[in-house]
2 protein chains.
Amino acid sequence: MQKSPATLKAIAEQLRVSVSTVSRALNDHPRISEKTKSRVKELAEKLHYVPNPAALLLKKNKTYTIGVLLPFLKEEFFSLAISAIEDTLMPEDYHVLISQSRDSLEREKKMIESFIASRVDGLIASVSAETNHYGHFKALEEYGIPVVFFDRVPRNIKCHKVRNSVTQGAKEAMRFLVNKGVTKIGLINGPGNLEVSGERLNGYLEAAMEFGIDARQHYIKSGNLTREETEQCMMELLALEDRPQAVLTFNDYVALYAMSACRKAGVEPNKDILFVSFANLPITSFLENPPIASVEQFASKMGAQAANLLLKCLQNQESELDYQEIIIKTELIIH
Amino acid sequence: MQKSPATLKAIAEQLRVSVSTVSRALNDHPRISEKTKSRVKELAEKLHYVPNPAALLLKKNKTYTIGVLLPFLKEEFFSLAISAIEDTLMPEDYHVLISQSRDSLEREKKMIESFIASRVDGLIASVSAETNHYGHFKALEEYGIPVVFFDRVPRNIKCHKVRNSVTQGAKEAMRFLVNKGVTKIGLINGPGNLEVSGERLNGYLEAAMEFGIDARQHYIKSGNLTREETEQCMMELLALEDRPQAVLTFNDYVALYAMSACRKAGVEPNKDILFVSFANLPITSFLENPPIASVEQFASKMGAQAANLLLKCLQNQESELDYQEIIIKTELIIH
DNA sequence: TGATGATGTGCAAAAGATTGCACAACAAGG
DNA sequence: CCTTGTTGTGCAATCTTTTGCACATCATCA
């Protein structure tokens, strides 16, 4: 009853030729006659022949599987990126294996072991909020598995990166607020080990310098991106005597958490205190009072670029050495 | 430079024993001496030996990979379910291959072909909004690949299902509204080919009957779950002379779309017109005026149950015949 | 001492696809 | 007629792991 998938052998027997002839026919080997080729291809089509991935892995050492490792699937930024990654890799006949680190370093390590066990051909990753060293990623490279980081890329490490012009974006956001006459601006940033946090901070500080507003130390908060810590940060900002008039947040989710903390404290977000965030996720369009502006990060574009870069790595292994860095320009979207 | 993963052969050579001895030692074969076993296991550990999945597939005809097919990753309901599926399957050493149908039947078919090509051991699926026949799923069963449907399960088809007591939930939602004194209640439902749409409608109609309110035909709308059609449905409801006082929506996203349509029309949602939705996703907690109630569907629990059912199918193939149906009780959450 | 049983290990085949090499058939040229 | 070249196909090894069978060693018992 239970059909098993067609094999070269099955085709060969039906056609009374050898397995090698079938293999060569399907691969358009020049030494196979046109007549044989068409007979083979026809039957293969009819039987829905698909090469057994096990055999391919054994012979070619390729699984045609790409791992994607990211913090949270439920964050729209990442699910948008994944869709773009899928759309880029699927036409090239790659499968996509997705795993969530849930911002835990331990899980991230486990997932990488699992990727090695399943012999992925390459990895696209956005590191967890806890990640402060990268030895587990190095292990992949030792096995010749190329890794492309996107968005949350490692600090001070030579690797393939696809990232945003975050510093630039932060500065623009600040300029926007300053132009509105706001001078007291808070920052709820992500953890310091992320390069993207450092860049936001740089943009914030550079802008403060350039626009002559003072970036007081107590305006700058940094959390681990969870709801709890973010609300805590926001509470601290609200408790200040010279409470900021606006807050720049690490991303839209942090903005949502912070805004809900405001409401709990009886402060109306985007009226009493303005928010500008990063990411510009569709989700914010459902809010009555969304952040007044957001630095668009083009999640889809980042995902697509990361996937394309990985494809390049897989095609010519020479280029594994000179690491590429692709920077996607952000854009301030005013709501 | 480029290490390749350790093989049985490599271990065997270093230990000057045969490959079969190594294999048996790692599998705790009784005929292998304890001394040999510990020598082998030690070295295997040291070399980070992991069996080559290709060889396992060839010998055992198993990939230890489970496919998950669902409409949209970006919908929190599904990403919550996926996390639960991962948490259930990973301890059993299964990998999870995720694909999105994006509510397109054509994509759904393609993804299933791809799952067959990669020889998944089983599939967990939630069908697309367009799906009105199930031949492509039947193909999986012909290859002996068990399928468990969750949430959006097929209509009138014998199969493994994990679903909610949706009819019950819809009735409770209606009771809640009627108790508030609301009698004119609209319904923005999903497409008719989904069983879950039929159940919502049944609940709506049964409640109308039971509570003696008239369920006028023009209060009942059914869309394809996209933003566009949903807004269209809402517009039609708003345009009615005897405009409904409340609307029951297929899920939270439909509620968000409908509510935004209201605002565009100058109608304040949950003040001028009340909303009750399905799913109760965390996302709604960020709204200032969320739907006044939501039928909690317990996405995580559904995912976990679906994964467990699939595991059972994989363990004893006898039970493939008697299809199971697991019903998760919904719960009305008042916001 | 030769038979029996227990214990530990190795050989070889099997799964599916690819590929270098060998071989057969045939035509053309000397 | 024999050589050379071309064309089409098959054989066999290879990748890694598992497993039935065979074999060797040693102890035990009649």
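All of these numbers come straight from a predicted model, not from anything done at the bench. Lettering follows sequence order; numbering is per chain, from 1.
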task: Measure from CG on Leu26(A) to P on dT9(D) and round the result to the nearest Å.
output: 13 Å
message: Quick check for you: to the nearest 0.5 Å, what is the distance between Arg163(B) atom CZ and Asp151(B) atom CG?
response: 10.5 Å
Euclidean distance, atom CD1 of residue Ile32(B) to atom P of dA6(C) [Å, nearest integer]: 18 Å
- request: Kindly write out the residues that satisfy side-chain contact (heavy atoms from CB on, under 4.5 Å) with Glu113(B), not counting sequence neighbours, or none if the list is empty.
  value: none
message: I need the minimum non-hydrogen distance between Asn193(A) and Ser128(A), along with the two atoms involved.
response: ND2-O, 4.3 Å
message: Strictly below 4.0 Å: does Ser33(B) bring a side-chain N or O up to OP1 or OP2 of dT7(C)?
response: no
Every protein N/O lying under 3.5 Å from an N/O of nucleotides 17-24 of chain D:
unit_1  : atom_1 : unit_2   : atom_2 : d
dT17(D) : OP1    : Tyr49(B) : OH     : 2.7
dT17(D) : OP1    : Asn52(B) : N      : 3.2
dT17(D) : OP2    : Leu8(B)  : N      : 2.6
dT18(D) : OP2    : Ser23(B) : OG     : 2.9
dT18(D) : O2     : Lys59(B) : NZ     : 3.1
dG20(D) : O6     : Arg24(B) : NH1    : 3.2
dG20(D) : O6     : Arg24(B) : NH2    : 3.0

- prompt: Salt bridge check: are Glu141(A) and Lys138(A) linked by an N-O gap of less than 4.0 Å?
  reply: yes
- request: Report the end-to-end axis angle of the helix from dT1(C)-dA30(D) to dG30(C)-dC1(D); each axis comes from five terminal pairs, and the value is rounded to 10°.
  value: 80°
field: Side-chain ion pair, Asp121(B) and Lys60(B), N-O less than 4.0 Å
entry: no
Ile11(A) CD1 - dT18(C) P separation (whole Å): 11 Å
message: Tell me the closest heavy-atom pair linking Pro71(A) and Ser126(A), and the distance in Å.
response: CD-O, 3.5 Å
query: Roughly how many Å is it from NZ in Lys62(A) to C1' in dA17(C), rounded to a whole number?
result: 16 Å
Interatomic spacing from CG in Leu80(A) to NZ in Lys74(B) - rounded to 0.5 Å: 7.0 Å
message: Tell me whether the side-chain N/O atoms of Ser18(B) come closer than 4.0 Å to OP1 or OP2 in dC11(C).
response: no
- prompt: Does a side-chain N-to-carboxylate-O contact under 4.0 Å join Arg152(A) and Asp103(A)?
  reply: yes
message: Rounding to an integer number of Å, can you tell me how far Arg16(A) CZ sits from dT9(D) C1'?
response: 16 Å
- request: Quickly work out the Leu57(B) CG to dT16(D) C1' distance and round it to whole Å.
  value: 12 Å
message: Give me the atom names and distance for the closest heavy-atom approach of Asp93(B) to Tyr64(B).
response: O-CB, 3.6 Å
statement: Between CG of Asp28(A) and P of dG8(D) the distance, given in whole Å, is 13 Å
message: Rounding to an integer number of Å, can you tell me how far Arg39(B) CZ sits from dG8(C) C1'?
response: 13 Å
